[in-house]
Number of protein chains: 2
Amino acid sequence: MRDEFVDEDEVKLFIGGRGLGVKILIEELKPGTDPLGPENKLLFMTGPATGTAFPTSGRFHVITKSPQTGGIGDTNCGGTFGPELRFAGYEGIIIEGKAAEPVYLWIREGEAEIRSAKRYWGKGTWGAEDGIRKELEAPNAKIVSIGPAGENLVMCAAIINDKHRAAGGTAAGAVMGSKQLKAIAVRGTKKLPVADEKKLKEAVQTASNMFRESRITGQSLPTYGTAIAVNIINKYGLLPTRNFQTGVFPAAEKISGETIAKTILVKGKACWGCPIACGRVIRITQAPYQVEGGGPEYEAIWALGPQCYIDDLNAIVKANNLCDELGMDPVSYGNTLGCAMELSERGKISKEKLGGLELKFGNPQAIVELTWRTAYRLGFGDDIALGAKRLAEKYGAPELAMHVKGLELPAYDPRGAQGQGLAYATSNRGGCHLRTYMIGPEIFGVPQQLDRFATKGKAQWVKTFQDLFATCDSAVFCKSATFAIWVPEIVEMLNAITGWNWSSDELLKAGDRIYTLERLFINREGFGRKDDTLPKRLLKEPMPEGPSKGHVVKLGAMLGEYYALRGWKDGKPTPEKLKELGLCKYANL
Amino acid sequence: MRDEFVDEDEVKLFIGGRGLGVKILIEELKPGTDPLGPENKLLFMTGPATGTAFPTSGRFHVITKSPQTGGIGDTNCGGTFGPELRFAGYEGIIIEGKAAEPVYLWIREGEAEIRSAKRYWGKGTWGAEDGIRKELEAPNAKIVSIGPAGENLVMCAAIINDKHRAAGGTAAGAVMGSKQLKAIAVRGTKKLPVADEKKLKEAVQTASNMFRESRITGQSLPTYGTAIAVNIINKYGLLPTRNFQTGVFPAAEKISGETIAKTILVKGKACWGCPIACGRVIRITQAPYQVEGGGPEYEAIWALGPQCYIDDLNAIVKANNLCDELGMDPVSYGNTLGCAMELSERGKISKEKLGGLELKFGNPQAIVELTWRTAYRLGFGDDIALGAKRLAEKYGAPELAMHVKGLELPAYDPRGAQGQGLAYATSNRGGCHLRTYMIGPEIFGVPQQLDRFATKGKAQWVKTFQDLFATCDSAVFCKSATFAIWVPEIVEMLNAITGWNWSSDELLKAGDRIYTLERLFINREGFGRKDDTLPKRLLKEPMPEGPSKGHVVKLGAMLGEYYALRGWKDGKPTPEKLKELGLCKYANL
């Protein structure tokens, strides 16, 4: 173990978090590195905003090479771990190599210790969190851990913090498992450096007012959580149903945020320092899905619900909760389940594999029982553990996997939101709503209303979102903040913290630099224009019904414009662009 | 690895199987050996009957020092593994030491090989069976394996053969797990030696007729499986309900063998060479408990049903099936669950431990979800994994554990069958119906009807059963055979196989010798008169209702007579008795 230091100049180029992470990864990893081998690295990063008064800054970012996609693996997570890591005096952690036996890391101010995790191996994330806190006699330690899914190298494995916050997607949990690293515990009380306390206080005051006044961050999310989106997205006919066979789910109301609030909600719950508190605490007292604890996000409800044609809210909530405990991302898990159900209904999967479990749309038992089977790779769970892309390939129908670059798509059918289609296709990490949330302008009208079926001008919006979200993940605060504040407010707070004097353009240019560097990383691994695409279903099969009826994603109409705006050619940055961004050395130019 | 040989003289003293096993164990194990340490040994034994034309001889016996009781651990299992081991040229296997990494054993005629089982570790028994057959390209290999329960040293861990036959009780599965031995695969085609083929054929013919003519083995068991007992035992008011709080279960009909036959039964299934075929193949198509495969025995139905006050047959069948896959004995598991439910209802277990799961009598979710949690030791499953005795001690109410010598009691409340009470109390392996089945004469009238509330004369019956069953487990055939045939028929077939010329008395004397040697083994580990007892509830609390109302077990009235018949004093064999049986050397006399 050793401490490393980063030059201020590098920080100014990449901000921190995701940006600094991809810089370190591309410098230190050879192309073609086995993501599950000891040569891969796993980075837990914070940024300059993390743990400060910047609202929603209770987060951290994980960066690694993804075993699921073979490209950039990165994922952002709330909870309490990010701030605590900074309070302990560290901006990030780089995990290298592989332990000979299961271990965990215990970090205090200026101290780090590797300890045996043998007693926690094979157990869930909750047992690990509780056990480690007890073992260390550190009730206030903040912990990230993996469950059996990560240990067993499952492709939907996540890293869990605070029992219910997940760093999901791209199988970062499996990388942690491959290193036999069960958990990281941190504890610290250091004060964070802020360049101009007074200026920050004023800027935070302005931002806080905007959080409060925003309809979304001030009302909808606190009251209903992210699940407020269920009814809205369904109303516009883009709630993906039965593995994206349609965008209309008849029973949306039964699984909506409003229904949760009326039935099983105990209270809302905030990540560290968040004024929104979109997290849910729920309680279900009715068998066979009794559960108490964290409630599902919108994306999880969709993946375990409409994607699998399930309208049993209790089953969805139970499966989601088990995902947290077993260390799985419910979005990738549920998307893959829906794919398996379609494969099964099309006769591609023999009944012998299933032990009596009917793998068909609408079976709530499947989404619950397969959490266990997937995490421990028992029976058909061993196949779900492959993720949608490899599963569909194994059963001879690759076109039925709803993914981009190997990452399962989330909860919006882009046939009903063209810009989101371009966003999925061009996302460096794979099909995802967390690199660009075009649903904001295309559906919610935030920051302004766009025509969701139009293609013109969407490329610029997608690029701006990609660059902006890259800065969110690098300064490290929550993307939900952008429902309330926008670039000027972010720059103002960031300048106050760092003492920089950035303009809005400079912030977005840093985002452009980070996004382009990620693209260099995946280019190096063989990704190019051929991978900036969507499942055939979304490009060729018109939406069969509802308010988005008749539409496909007109990707071709947007992709050229996007590449031009980015200064990319065939999905690869041009030398001119790299020069502009100061990235030539990463492309050996 | 090496071959060992046993003298014919020793075989004549101990027959084989269980008898020879305990002889080897007491000779080779030091007193005080850690049952989960490398010094413990794990024996898989067959006997002279195994795999011959002797009806019901498709079995094997496992002998070890029990980590659950600290005494003799032994358990008998059907399926196909026993005969196959003999066909491969071996009478038994002695596992010593501990592997450095997970392994399995592959035995063919005259050959044995240790192979890596890393890819199966953490998985279920079914995955191990299927995977190993595929890996070895040996579709006809017969396999015993453990599931995660055995790997995780769970106290209800069993060893599973043919996916649904369990060597349960006394945690033999945990011993196998402690040695990192995932499985044993065998394949052989050798012909077994029979001294007098013609005489055996005649004797088998006689026995077969008796199997066919018996009401129990010819009709009830083939038609309804062992679950035929549910309604009968309930009718007599000794079906233990809510952790032995009463002997009447109002909904017995819903979970009976008759109901199974009418609803979910696909067909019966026989172990190797069995004319009874009491095994069940079931199919449940209704969520949330869809399942297809092995159905539950009477004991499992009881443990997961009335013991936990569950009348949902589907939940019982699902939980039982998961026990098979995860490698658990449903009897010990269900008994422990019922104990946990009573502890919980009495306020001994805090809700925090349960994550929203209501641990109360009648909750079907509990019996299903806790299979996973127990096998993998997640959440409260880590406590169920202790077994009833240690669980109740942990929560400060040892009197609520329904066990004898640490082994959980099975499915008959002895307040309604006095002889069975003496049988439980004096069983060397702990509370169990497989050392003496007084339910035969006390309830079913087989081999003759006794007054179930009487105590006089029961000691002799118990001793005879114990001795007879010791010979069943040592010649190695099924105890259910004794519903149809008795000592003379058994001796006739055994003599034809071995060429011996035993009388009925000589057979029972061998049983006496085996039973007494086991007693010496447990005496050496500290067991004595104080352990030949029953839970206080059965001795002090009169049955509150039903046809057994008002009764307690009058153990004192029977125990003295029993010791006298055995030639024991204070639970220990006298020197005179040891001399008579030729066992002096095992007591250092």
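Everything numeric here is computed off the predicted structure, so don't read it as measured data. For the numbers below, each heavy atom of this structure counts, side chains included, while hydrogens, waters and symmetry mates do not. Letters A, B, ... are given to chains in the order of the sequence lines, protein chains preceding strands, and every chain is numbered from 1.
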Contact listing (chain A partner; residues 156-165 of chain B; heavy atom under 4.5 Å): none
Residues of residues 120-131 of chain A contacting chain B, heavy-atom criterion under 4.5 Å, by residue number: A/G122, A/K123, A/G124
Sidechain-backbone polar pair: A/T241 side chain, A/P306 backbone, donor-acceptor under 3.5 Å: no
Distance-only donor-acceptor check, side chains B/Q290 and A/N363, under 3.5 Å: yes
Side-chain ion pair, A/E325 and B/R373, N-O less than 4.0 Å: yes
Main-chain N/O of A/A340 paired with A/S344 side-chain donor or acceptor, under 3.5 Å: no
Ring geometry between B/Y395 and B/F380 (parallel below 30°, tilted from 30 to 60°, perpendicular above 60°): tilted
Heavy-atom proximity to chain A below 4.5 Å, by part of B/L354: neither
A/K318: which of A/T371, A/V291, A/I367, A/L304 passes side-chain contact (heavy atoms from CB on, under 4.5 Å): A/V291
Salt bridge (charged side-chain N to carboxylate O under 4.0 Å, His left out), paired with A/K182, selected from A/E101, A/E151, A/E135: A/E151
Side chain, backbone, both or neither of B/R283 within contact of chain A (heavy atoms, under 4.5 Å): neither
Side chain A/N152, main chain A/V154, donor-acceptor under 3.5 Å: no
Among A/G379, A/A287, A/G147, residue most engaged with chain B (heavy-atom pairs, under 4.5 Å): A/A287
B/T259 side chain to B/I255 backbone, donor-acceptor under 3.5 Å: no
Under 3.5 Å: donor-acceptor pair, side chain of B/R133, backbone of B/A141: yes
Which portion of B/D382 sits near chain A, non-hydrogen atoms under 4.5 angstrom: side chain
B/E345, CD atom: more than 12 neighbouring heavy atoms under 6.0 Å: yes
